[in-house]
Protein chains: 2
Amino acid sequence: MKIGPKYLLVKNFLKESIQQGKFKVGDFLPSEHELCSRFSVTRTTTRKALDELIKEGYIEKQQGKGSRVKERRKSLGLLTVKGFSEAVGKNVNTIFLTKPQIGEWKEEIIFPVKKEDKDAQCIFFERLRCVNSLPVMLERNWLPVTILQGFTDRQFVDESFFKTLSQEYLIEITGSKQEIRAEYADDKIAEILSVERNSPVLHISVLFSTNHRKLTIYSELFCNTRDFPVGNQYFM
Amino acid sequence: MKIGPKYLLVKNFLKESIQQGKFKVGDFLPSEHELCSRFSVTRTTTRKALDELIKEGYIEKQQGKGSRVKERRKSLGLLTVKGFSEAVGKNVNTIFLTKPQIGEWKEEIIFPVKKEDKDAQCIFFERLRCVNSLPVMLERNWLPVTILQGFTDRQFVDESFFKTLSQEYLIEITGSKQEIRAEYADDKIAEILSVERNSPVLHISVLFSTNHRKLTIYSELFCNTRDFPVGNQYFM
DNA sequence: TAGTGGTCTAGACCACGGT
DNA sequence: CCGTGGTCTAGACCACTAG
């Protein structure tokens, strides 16, 4: 039984409590001093745990008051289809074209697949995102099965892939790299997105890095941006 | 004379040294212990300083080796043409199609022009970015003349619009909002980007906010992504 | 083995928010 | 005033990297 650093104990306790709703958005966490005595650690350790939760966007601190659970930001500087973020759960729905299953690595998802990943089995799934029942975005994902045992049998939490990773496997996205092109829709993409062949579509390739060395996620998106442009906001 | 926390002393010393090129990309900073004795602080303090530099993207650490100066992310979550960031100053050049001058507001730059901006005079300029002498991106910018007196007569610092704003007017970009579409190139765009008419091109609309309430910048980019995709990196 | 960063202890004093 | 988080000290031991 391997036991990691103590601050992870504190961090994971808090994180799981938040994810399970024991602390809700706006609630204050126990004070640093209380966490110290509850876990028999010093403030350095407690603060390291809280620092990580801040970095991951779970909480915010306020001097003189405490640490409060925050609305989780999920933008990650990522591109999102306009309408998806604004109309969350409204007229948006997601259809699995291919459920998570053991599949094949695609040779090049623009970003070359790492050798260590290629040596592992590949989980593949494919989803179609619709707004008002109109197909808007095709999403394809490839990831190594390595540390995700049982993933193919699992239901997604709230239909969200990232939420599932976070809550079921304690995996957080730590970064991303994207490449974007405007391309002609080929026959298959045109059919899926209900556009004419050779229409211009947005092709986005994404490489996600996570807090697990071994887990890199490869994604590919095709978007019909005629009615729903892809957007991105950033605040300093 | 107000003096802040000690870790800022260490942090700012390192940050300025990096910015002034005293530590170059790839260089190792002095070790934590050395910084401790040089500034007469403990490791907690030194590490706090280094933590902030990591968060700001200046350095990265490696256990057993040291802290190394990193390629600075300047992305702002913004999209940049791949090749522009990698081949900085190499085979990249910028041509003014329209020098900064008083011009007309375009009715809709996808983002509606604020009324207060519309009431002010408009500075417009248009640049073509090339890689290996091939046109890759057309950039159009609109901004109110309000606080930028003399801007039309000014030379850009290092050919950079943002550097000019920062160094000559102390204006920093504080946020951005983007919308991205894949479109057919119309006649004019096709000619400028040297692509066939109706080729798919990337159309990016950007709204920049700055540390001056009165200054919002409206931009529009058209990219030929066949050879040079547009990219975006993000680190937490 | 020497040097680096990673984790941790057991304190201390200060700045801020609310009573 | 008290309780909160913010900063800081002076140590310690561990894990990783490289010669």
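Every chain is numbered from 1 and lettered A, B, ... according to where its sequence line falls, protein lines coming before strand lines.
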- Message: Between Lys61(A) and Ser40(B), which residue's closest nucleotide on DNA chain D lies nearer the 5′ terminus?
- Response: Lys61(A)

- Query: Tell me: CD of Glu32(A) to P of dG11(C), nearest whole Å?
  - Reply: 18 Å

- Please give, in whole Å, the distance from dC8(C) P to Lys48(A) NZ? 9 Å

- Item | Among dT9(C), dG5(C), dT4(D), the one nearest Val41(A) by side-chain distance | dT9(C)

- To the nearest Å, give me how far apart CD (Gln63(A)) and C1' (dT4(D)) are. 8 Å

- Message: Just N and O in the side chain of Ser31(B): are any of them under 4.0 Å from OP1 or OP2 of dT4(C)?
- Response: yes

- What integer distance in Å separates Arg43(B):CZ from dG6(C):P? 8 Å

- Query: Is the shortest side-chain N to carboxylate O distance from Glu32(A) to Arg43(A) below 4.0 Å?
  - Reply: yes

- Please state how far atom CG in Asp51(B) lies from atom C1' in dG6(C), giving the value in whole angstrom units. 11 Å

- Task: Please tell me if the side chains of Leu148(A) and Leu215(A) come closer than 4.5 Å, counting only heavy atoms from C-beta onward.
- Result: yes

- Message: Please classify the nucleic acid contact of Thr42(B) as base, sugar-phosphate, or nothing, using heavy-atom distances under 4.0 Å.
- Response: base

- In whole angstrom, give the distance that lies between atom CG of Leu29(B) and atom C1' of dT4(C). 13 Å

- Task: Between dG5(C), dG5(D), dC8(D), spot the one nearest the side chain of Thr45(B), thanks.
- Result: dC8(D)

- Message: Could you check, using the six-membered ring where one of them is a Trp, whether Phe161(A) and Phe208(A) have ring centers closer than 6.0 angstrom?
- Response: no

- Message: Using a 4.0 Å heavy-atom cut-off, does Thr44(A) contact any base of the nucleic acid, only the sugar-phosphate backbone, or nothing at all?
- Response: base

- Salt bridge Lys55(B)-Asp51(B), side-chain N to carboxylate O under 4.0 Å: no

- Message: Rounded to whole Å, how long is the line connecting atom NZ of Lys11(A) with atom P of dT7(C)?
- Response: 11 Å

- Query: Does Lys65(B) have a side-chain nitrogen or oxygen under 4.0 Å from the phosphate oxygens OP1 or OP2 of dA18(D)?
  - Reply: yes

- Task: Tell me the partner of dC14(D), counting only Watson-Crick (N1-N3 plus N6-O4 or O6-N4) or G-U wobble (N1-O2 and O6-N3) with both under 3.5 Å; none if nothing fits.
- Result: dG5(C)

- Query: Just by distance, with hydrogens left out, do Glu52(A) and Tyr58(A) show a side-chain donor and acceptor under 3.5 Å apart?
  - Reply: no

- Can you tell me if the side-chain N/O atoms of Tyr7(A) get under 4.0 Å from OP1 or OP2 in dC8(C)? no

- Rounded to whole angstrom units, what separation is found between the CZ atom of Arg47(A) and the P atom of dT7(D)? 7 Å

